[in-house]
Number of protein chains: 2
Amino acid sequence: MTAPRQTKQRATVLEALRVTPRFVSAQELHGVLRAGGEGTGLTTVYRHLQALAADGTVDVLRADDGESLYRICADSGHHHHLVCRHCGTSVEVEGPAVERWAVRMAEEHGFADVEHTLEIFGTCASCSRKRG
Amino acid sequence: MTAPRQTKQRATVLEALRVTPRFVSAQELHGVLRAGGEGTGLTTVYRHLQALAADGTVDVLRADDGESLYRICADSGHHHHLVCRHCGTSVEVEGPAVERWAVRMAEEHGFADVEHTLEIFGTCASCSRKRG
DNA sequence: ATCGGTTTTGACAACGGTTTTCATATGCGG
DNA sequence: CCGCATATGAAAACCGTTGTCAAAACCGAT
């Protein structure tokens, strides 16, 4: 297991993610980099996001239309998200009771190796204002 | 708002879903129908699943790879699923406490029009046995 | 029963996000 | 500074899904 090479593109993608406090798609991120004068290829953006997601550096979320959205989170542990469906702004939330509930449900029905996905979607205060 | 016509294909898709107590993809369902001698087109299967999902007759779930999985549920109200990641077998579960928690989290952060997605994945007893 | 219109069907093409390909470029250890 | 394994990126392939459109089927009215 070798460490990834330190390339300009990798640094650029990471920096863009760090500056973006919301869930963004690979294509949107690519667009931002292009607009910023960085000639990073779309394929490269996808590859870095994939690697970052694999090692837990970024969290991944599936939008309704199937697009994958990425975001760097402050909390590196297990947590969930409260996401604005309009602008992607998100808040990290924890719910210990929910975790316990999920495990209990699984045990009751004989399921092993339990995981769960949980996301809360809504309209954030800022977007509520803009939309009346 | 007119009722959908009663066609052989619609009946066939519904019957196939009723006989399948697990989440299946549109393509898998199409394969089953083909194997059963029914010449139902893939497009038609997609259209019916779409319509059934829209009126709440079937529940939809996104697999990790982005594929949509469908299933007819006994409980027509709001509920979640405990799903076997190997065979798709699923159990319907309810968690009133979770619902309240989600709403409270949203309110605390000024989010409106709250919805949430929650699925529990695991390996069911039957698949655990097969896989040792 | 049959006619007429409206809806449904299904083979095929198009779509869109993501992944693969592969030749070139570039970190980086020796 | 070399050597070479890894990274890059344009273009093509992939794959689930949706749009197209002419032919077929449903169903109320005659």
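Labels below follow one simple rule: chain letters A, B, ... track the order of the sequence lines, proteins then strands, and each chain is numbered from 1. Note that these values count all heavy atoms, side chains included, but never hydrogens, waters or copies made by symmetry.
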Run Arg71(B) and Leu17(B) through side chain to side chain contact (heavy atoms under 4.5 Å, CB included) and show every step you take. CA-CA 7 Å; Arg71(B) 155 147 201 213; Leu17(B) 282 169; over 6 Å; no

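- His80(B) and His116(B) have their aromatic ring centers within a separation under 6.0 angstrom.
- One atom, OH of Tyr70(A), and another, P of dG17(C), lie 12 Å apart when rounded to the nearest Å.
- Distances from the side chain of Tyr46(A) to the nucleotides dG16(D), dT18(D), dT18(C) place dT18(C) closest.
- Residue contacts for His48(A): at a heavy-atom cut-off of 4.0 Å it reaches the sugar-phosphate backbone alone, with no base atom in range.
- Minimum atom distance to the side chain of Leu42(B) is reached by dT17(D), of the listed dT9(C), dG27(C), dT17(D).
- Gln27(A) comes within contact range of at least one nucleobase, with a heavy-atom separation under 4.0 Å.
- Looking at the side chain of Gln6(B), the nearest of the listed nucleotides dC27(D), dA11(D), dA11(C) is dC27(D).
- Candidate nucleotides dT17(D), dT8(C), dA11(D) were compared by shortest atom distance to the side chain of Pro4(B), and dT8(C) ranks first.
- Nucleic acid contact for Thr7(B): sugar-phosphate only, since backbone atoms but no base atoms lie under 4.0 Å from a heavy atom of the residue.
- Comparing dA10(D), dT17(D), dC28(C) by their closest approach to the side chain of Ser68(B) singles out dT17(D).
- With hydrogens and angles left out, the side-chain atoms of Thr123(A) and Arg85(A) include a donor and acceptor closer than 3.5 Å.
- If you check every strand for non-hydrogen atoms under 4.0 Å, Ser25(A) touches nothing.
- Contact annotation: Gln50(B) side-chain N/O to dT18(D) OP1/OP2 distance is under 4.0 Å.
- Between the side chains of His30(B) and Glu38(B), no donor-acceptor pair of N or O atoms lies under 3.5 Å.
- Scanning atom types as modelled, no donor and acceptor separated by under 3.5 angstrom connect the side chain of Thr44(A) and the base of dA7(D).
- Map Arg5(B) and Arg47(B) each onto its nearest nucleotide of DNA chain C; the residue landing nearer the 5' end is Arg5(B).
- Comparing Gly39(A) and Lys8(B), the nucleotide of DNA chain D nearest to each residue sits closer to the 5' end for Gly39(A).
- Looking at heavy atoms from C-beta onward, Arg10(B) lies in side-chain contact with Thr7(B) at the 4.5 angstrom threshold.
- In this structure, of dG10(C), dT17(D), dT8(D), it is dT8(D) that holds the atom nearest to the side chain of Gln9(A).
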